[in-house]
Amino acid sequence: MSSTARPAPPPANPKVGSTVALRLAILSTALAVVLGLTLLIEETPYVFTAFMVLGPLLLAIAFVLLGMVILRELRSREIL
Amino acid sequence: MKAFVAAALFSGAAALTAAPPDLGVPEPHGWIGTTSQWIQGVGIFFALLNLVLLAVIWSSLRRRGLTSVSRALLFGGIMVVPVVVVFLATAHGMQKSMTVEACGACHVMEGHVRDLTNPASDSLAAVHYKNRYILQDQCYTCHSDYGMFGTVGAKMEGVGHVWHNTTGHYAKPIKIAHPYSNTRCLTCHAGAANFLAKHEKDQVLRLMTGKDSCLDCHGPAHKPQETQEAMR
């Protein structure tokens, strides 16, 4: 039985993860703002319902993603 | 950037100078718009500003990665400006969702709105509308309970109405979900001189306690069918 140890995978680049998270946060915010803009320009019951359900949710997702990136950066600098 | 500022100011100004929908009365001298119009104008400005800010951050992230400038922009673009936009859009949406136009947006309500705005109709709703007993948001004023929970309840029911209208799960002719509460009438009418003059004391007591309904004598509130037939 050969004990050929598999090579350890390269460590994930935290900067790449942060960039992806930030891009998702930007997209999520942009979607919430577009919904808000649509509501501000032309209010219909459907747009209002969609905005009230999705708007705060998308913004919360963006907050969490940005918060994660901030936390990760603070930990990497050993501030936290 | 100049073009963006000009576009944002133009859209804001357009919202502010929009004519009132139902009045031909000229605005008083020095008119600068209603609170609702200002909320709409400022909201549009901040929403456009936010989208530009997000585009700048996206491009900055791609070119230079995370810099101190992009960090500051990220905080503003994701945590500060969108909160303002969502707040203003919610305030605007709440205000607009109370209008007669919002209630009449569903096809099933067209008959009711047509009856409401028909000067020839003698239904209770039409009498209140044409005599301007209620100045604005006439559907909402009579179909929501008073106080904070009345507003919350009306909004929750509104979500249900959107759902029923979208899925088509409602029976025709549509009927009010709960018996109409006298409180909604008495909030304005109780204590009014002509109300007290025309109603006996024990009658007032029965109305106050809900033993009699205002609509027993003053109904029907709407005549959607009659208006529809008259317009054919």
Side-chain angles (χ1 to χ4, degrees), chain A residues 11-80, chain B residues 11-12 14-15 39-58 61-62 65-66 70-71 73-75 77-79 81-97 99 101-106 109 155 158-163 165-166:
Chain A
N13 187 347
K15 277 192 175 176
V16 173
S18 293
T19 310
V20 171
L22 287 176
R23 286 200 171 145
L24 282 175
I26 291 170
L27 285 176
S28 184
T29 309
L31 204 55
V33 172
V34 165
L35 272 173
L37 186 61
T38 312
L39 180 66
L40 283 160
I41 290 170
E42 184 64 51
E43 199 271 357
T44 68
Y46 295 105
V47 175
F48 182 55
T49 307
F51 172 77
M52 290 306 287
V53 173
L54 292 177
L57 185 71
L58 289 165
L59 217 54
I61 290 170
F63 281 6
V64 168
L65 288 168
L66 187 63
M68 276 166 48
V69 173
I70 291 170
L71 266 179
R72 192 183 289 176
E73 197 168 318
L74 290 174
R75 278 187 188 145
S76 71
R77 291 183 186 189
E78 293 179 353
I79 295 171
L80 275 184
Chain B
S11 58
I39 286 174
Q40 187 184 15
V42 174
I44 290 171
F45 173 79
F46 273 104
L48 292 173
L49 175 73
N50 203 165
L51 288 177
V52 171
L53 205 56
L54 291 173
V56 168
I57 299 166
W58 184 278
L61 270 179
R62 206 173 53 182
L66 208 53
S70 61
R71 280 190 184 94
L73 289 177
L74 267 170
F75 185 75
I78 292 180
M79 290 206 142
V81 186
V83 173
V84 178
V85 173
V86 167
F87 175 76
L88 293 173
T90 304
H92 177 72
M94 286 281 182
Q95 177 66 36
K96 285 286 176 184
S97 68
T99 60
E101 291 75 29
C103 299
C106 296
M109 292 309 298
K155 297 296 170 200
V159 172
H161 295 164
V162 170
W163 172 257
N165 191 62
T166 308

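Lettering of chains follows the sequences in order, A, B, ..., and the numbering in each one begins at 1.
I78(B) approaches A25(A) most closely through the heavy-atom pair CD1-CB, 3.8 Å. Taking all atoms of both residues into account, the shortest heavy-atom contact from P82(B) to G77(B) is CG-O, 3.0 Å. Contact detail for G104(B) and M109(B): the closest heavy-atom pair is CA-CB, 4.3 Å.
If you measure heavy-atom distances from I70(A) to chain B, you find no contacts under 4.5 Å at all. Looking at F48(A), only its side chain comes within 4.5 Å of chain B, counting heavy atoms on both sides. Within the 4.5 angstrom heavy-atom criterion, atoms from both the backbone and the side chain of L54(B) approach chain A. In this structure, chain B has a heavy atom under 4.5 Å from the side chain of T49(A), while its backbone stays farther away. Looking at L59(A), the atoms closer than 4.5 Å to chain B (heavy atoms on both sides) all sit in the side chain, from C-beta outward. Of the two parts of A32(A), neither the backbone nor the side chain holds a non-hydrogen atom closer than 4.5 Å to a non-hydrogen atom of chain B. Both the backbone and the side chain of R62(B) come within contact range of chain A, each with at least one heavy atom under 4.5 Å from a heavy atom of that chain. Residue contact with chain B, scored on non-hydrogen atoms closer than 4.5 Å, involves the side chain of L66(A) exclusively.
Counting non-hydrogen atoms of neighbouring residues, nucleotides and ligands closer than 6.0 angstrom, the CZ atom of F46(B) reaches no more than 12 such neighbours. For F87(B), the CZ atom is loosely surrounded, since the number of other residues' heavy atoms within 6.0 Å does not exceed 12.
Put simply, of T38(A), T29(A), V33(A), L40(A), the one with the most heavy-atom pairs under 4.5 Å next to chain B is L40(A).
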